[in-house]
Amino acid sequence: MDSKRLDLNLLVTLETLLVEQNVSKAAARLHLSQPAVSAQLNRLRDVFDDPLLIPAQRGMTPTAKAIELLHPLRQALDQVRATLATHRNFDPAKAKLTVVIACTDYLQAAVVKPLVVALRSRAPRVRVALRNLDMQQLEAQMARGDVDLALMTPQVAPSGLRTRHLFDERYVLIGRRDHPRLRARITVDEFARMEHVIVSLVGSGFATPVDDALAALGHRRNVVLSASSFLFVPDIVSQSDFVALVPERLVRNDVDRLKVIDCPFPVEGFAVGIVWHERSHGHSGQRWIREAIVSLINA
């Protein structure tokens with residue numbers, strides 16, 4: 001059999017003919033004309049080199065080959081139908097799906113952690129895999145399907161990717177609950193003289209854009225520790241007299257061990273959004289995950 005001469009419509013017609021065993025009834029069920037179904041039957045006979053259905057007193061009778069074909073044909077078409085139905089109508093309570101998310105450690109804690117907890121009750125068969133965000137490789141990773149979505153500043157996303165704004169983040173100053181010098185309101189000079197922890201992606205820098213803003217005010221802060229991860233910062237701050245500027249969502253649930261106040265001078269925040277590739281734009285499961293993230297943020 002030459003499979004290149006087959007298409008899905010022919011197989012659907014064959015299945016219907018084998019069930020109805022009547023060209024007129026099959027044509028009505030398929031919403032086709034009787035001549036069109038007869039023409040497709042002739043093509044099928046040619047492809048399978050078998051009459052498939054032969055005239056009988058009432059309707060038609062399937063040949064031995066046709067009877068042999070019916071069960072595997074129906075199984076294959078049912079699988080295709082199930083795949084298409086799942087694609088159109090994602091049922092989070094039943095569907096299996098693995099989602100690969102790329103983001104920084106801060107967004108893993110601030111967004112992905114509550115998302116995964118929420119998914120256990122809403123979509124128990126959805127799995128999440130986390131990857132570090134690699135801006136240089138992101139578009140290629142998404143094109144290959146290695147990454148499904150990214151959480152990041154949408155303005156710096158590659159232009160070929162889709163984006164959606166989630167929220168605007170701001171920085172807050174944190175210290176341990178009983179920090180001796182951290183009050184609700186402090187001066188810029190008091191801020192600069194405290195012992196600071198900063199986050200540097202390379203783990204060796206001792207200055208950030210905050211220091212440029214501070215220098216413009218005539219001050220220089222006392223940086224004693226440069227960390228490579230935001231997740232490390234709340235722990236060490238809560239056990240010392242160190243302070244740190246961190247994204248507010250990172251410490252929303254840490255008020256029992258941390259004091260959180262506004263920075264005494266303006267510090268520019270940043271936007272956070274979802275970024276994804278066109279290849280996954282129409283996928284119902286991926287679309288549901290994106291909407292779940294939006295709902296979680298807006299809750």
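Side chains included, hydrogens not; waters and symmetry mates left out as well; all remaining heavy atoms used. Values in this document were obtained by computation on a predicted structure and should not be read as measured data. Residue indices begin at 1 and follow the sequence shown.
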Seminar exercise, completed: Smallest heavy-atom separation, Lys259 atom then His179 atom, equals NZ-O, 4.4 Å
For this session: Would you name the heavy atoms of Gly160 and Glu139 that are closest together and state the gap between them?
Result: CA-OE2, 3.6 Å
Seminar exercise, completed: Taken in chain and number order and not counting sequence neighbours, the residues that satisfy salt bridge (charged side-chain N to carboxylate O under 4.0 Å, His left out) with Arg170 are Glu248, Asp262
For this session: State, yes or no, whether a side-chain contact exists between Leu41 and Thr13 at a heavy-atom distance under 4.5 Å.
Result: no
For this session: Please confirm whether the backbone N or O of Asp50 pairs with a side-chain atom of Lys65, one donor and one acceptor, at under 3.5 Å?
Result: no
For this session: Consider only side-chain heavy atoms of I, L, V, M, F, W and Y, link residues closer than 4.5 Å, and tell whether Val37 and Leu73 are in one cluster.
Result: yes
Problem set entry | Worked check of side-chain contact (heavy atoms from CB on, under 4.5 Å) between Ile174 and Leu182 | CA-CA 9 Å; Ile174 63 170; Leu182 194 63; over 6 Å; no
Exercise. How far apart are the C-alpha atoms of Ile289 and Leu119, what are their side-chain angles, what is the distance that settles it, and do they pass the side-chain contact (heavy atoms from CB on, under 4.5 Å) test?
Worked result: CA-CA 9 Å; Ile289 289 292; Leu119 288 178; 4.3 Å; yes
Exercise. Taking the side chain as C-beta and beyond, is there a heavy-atom pair between Pro62 and Leu70 under 4.5 Å?
Worked result: no
Problem set entry | Straight-line distance of Arg279 CZ to Gln286 CD, nearest 0.5 Å | 8.5 Å
Exercise. In the single-linkage hydrophobic clustering (I, L, V, M, F, W, Y; side-chain heavy atoms under 4.5 Å), do Phe230 and Phe167 co-cluster?
Worked result: yes
For this session: Can you see which heavy atom on Pro124 is nearest to which on Arg122, and at what distance?
Result: CD-C, 3.7 Å
Seminar exercise, completed: OG1 of Thr104 to CG of Leu130, rounded to nearest 0.5 Å, is 11.0 Å
Exercise. Does the side chain of Leu173 reach to within under 4.5 Å of the side chain of Ile186, using non-hydrogen atoms?
Worked result: yes
Exercise. Is there a side-chain contact between Ile274 and Leu151, using heavy atoms and a 4.5 Å cut-off?
Worked result: yes
For this session: Answer yes when Arg125 and Asp91 have at least one side-chain N-carboxylate O distance shorter than 4.0 Å, and no when they do not.
Result: no
Name each donor-acceptor pair under 3.5 Å that joins a side chain in residues 152-159 to protein atoms two or more places apart or in another chain, with its distance.
from, atom 1, to, atom 2, distance (Å)
Thr153, OG1, Ala271, O, 3.1

For this session: Count the heavy atoms of every other residue, nucleotide or ligand shown that sit under 6.0 Å from CG of Asp256, and state whether that count exceeds 12.
Result: yes
For this session: Take atom CG of Asp134 as the centre, draw a 6.0 Å sphere, and report whether it contains more than 12 heavy atoms from other residues, nucleotides or ligands.
Result: yes
Exercise. Under 6.0 Å between the ring centres of His283 and Phe90?
Worked result: no
Problem set entry | Main-chain N/O of Gly59 paired with Asn22 side-chain donor or acceptor, under 3.5 Å | no
Exercise. Going hydrophobic residue to hydrophobic residue with side-chain gaps under 4.5 angstrom, can you get from Val272 over to Leu138?
Worked result: no
Exercise. Taking the side chain as C-beta and beyond, is there a heavy-atom pair between Val251 and Val246 under 4.5 Å?
Worked result: yes
Exercise. Just wondering, are more than 12 heavy atoms of other shown residues or ligands nearer than 6.0 Å to CG in Asn132?
Worked result: no
For this session: Could you tell me which non-hydrogen atom of Met142 sits nearest to which non-hydrogen atom of Val275, and how far apart they are?
Result: CE-O, 3.1 Å
Exercise. Considering only heavy atoms from C-beta outward, does the side chain of Ile101 approach that of Asp148 to under 4.5 Å?
Worked result: no
For this session: First locate atom CG of Leu214, then atom CZ of Phe265, and finally report the distance between them rounded to the nearest 0.5 Å.
Result: 4.5 Å
For this session: Could you tell me whether the side chain of Val100 reaches within less than 4.5 Å of the side chain of Gln141, counting heavy atoms only?
Result: no
Exercise. At what distance, to the nearest 0.5 angstrom, does CD of Glu20 lie from CG of Leu18?
Worked result: 10.5 Å
Problem set entry | Ion pair Glu190/Arg185, N-O distance below 4.0 Å | no
For this session: For the pair Asp254 and Arg257, find out whether any cationic side-chain nitrogen is under 4.0 Å from an anionic carboxylate oxygen.
Result: yes
Exercise. Does Gly205 offer a backbone N or O that forms a donor-acceptor pair with the side chain of Ser226 under 3.5 Å?
Worked result: yes
For this session: Flag the pair Tyr171 / Val210 as yes when at least one side-chain heavy-atom distance between them is below 4.5 Å, and no otherwise.
Result: no
Problem set entry | Separation of Thr163 OG1 from Leu149 CG (nearest 0.5 Å) | 13.0 Å
For this session: Look at the side-chain heavy atoms of Ile, Leu, Val, Met, Phe, Trp and Tyr, link any pair under 4.5 Å apart, and say whether Ile293 and Val147 land in one connected group.
Result: no
For this session: Could you tell me whether a side-chain N or O of Arg287 sits under 3.5 Å from a main-chain N or O of Gly282, the two making a donor and an acceptor?
Result: yes
Seminar exercise, completed: Here the gap from Leu14 atom CG to Phe48 atom CZ, rounded to the nearest 0.5 Å, amounts to 5.5 Å
For this session: Taking all non-hydrogen atoms of both residues into account, name the closest pair between Arg252 and Val255 and its distance.
Result: O-CG1, 4.0 Å
Exercise. So, Asp241 and Arg176, do they make that salt bridge, N to O below 4.0 Å?
Worked result: yes
Problem set entry | Side-chain donor/acceptor of His196 to backbone N/O of Phe191, under 3.5 Å | yes
Exercise. Quick one: does Glu169's side chain have a donor or acceptor within less than 3.5 Å of a partner on Arg249's backbone?
Worked result: yes
Problem set entry | side-chain contact (heavy atoms from CB on, under 4.5 Å) between Gln137 and Asp146, worked out | CA-CA 10 Å; Gln137 297 295 321; Asp146 295 339; over 6 Å; no
Exercise. Can you say whether the rings of Tyr106 and Phe270 are parallel (under 30°), tilted (30 to 60°) or perpendicular (over 60°)?
Worked result: perpendicular
For this session: Using a cut-off of 6.0 Å, state whether more than 12 heavy atoms not belonging to Arg144 lie near its atom CZ.
Result: yes
Exercise. Under a single-linkage definition using a 4.5 Å side-chain heavy-atom cutoff for Ile, Leu, Val, Met, Phe, Trp and Tyr, are Leu52 and Leu30 assigned to the same hydrophobic cluster?
Worked result: yes
Problem set entry | Smallest separation among heavy atoms of Val112 and Cys103, with atom names | CG2-SG, 4.0 Å
Exercise. Is a side-chain N or O of Arg290 found less than 3.5 angstrom from the main chain of His281, in a donor-acceptor match?
Worked result: yes
For this session: Verify the neighbour count for atom CZ of Arg45: are there more than 12 heavy atoms of other residues, nucleotides or ligands below 6.0 Å?
Result: yes
Exercise. Given the rule in the side-chain contact (heavy atoms from CB on, under 4.5 Å) test, do Val237 and Val243 qualify, once you have shown the distances and angles that lead to the verdict?
Worked result: CA-CA 6 Å; Val237 165; Val243 297; 5.7 Å; no
For this session: Measure from the side-chain N and O atoms of Asp211 to the backbone N and O of Thr208, and report whether any donor-acceptor pair falls under 3.5 Å.
Result: yes
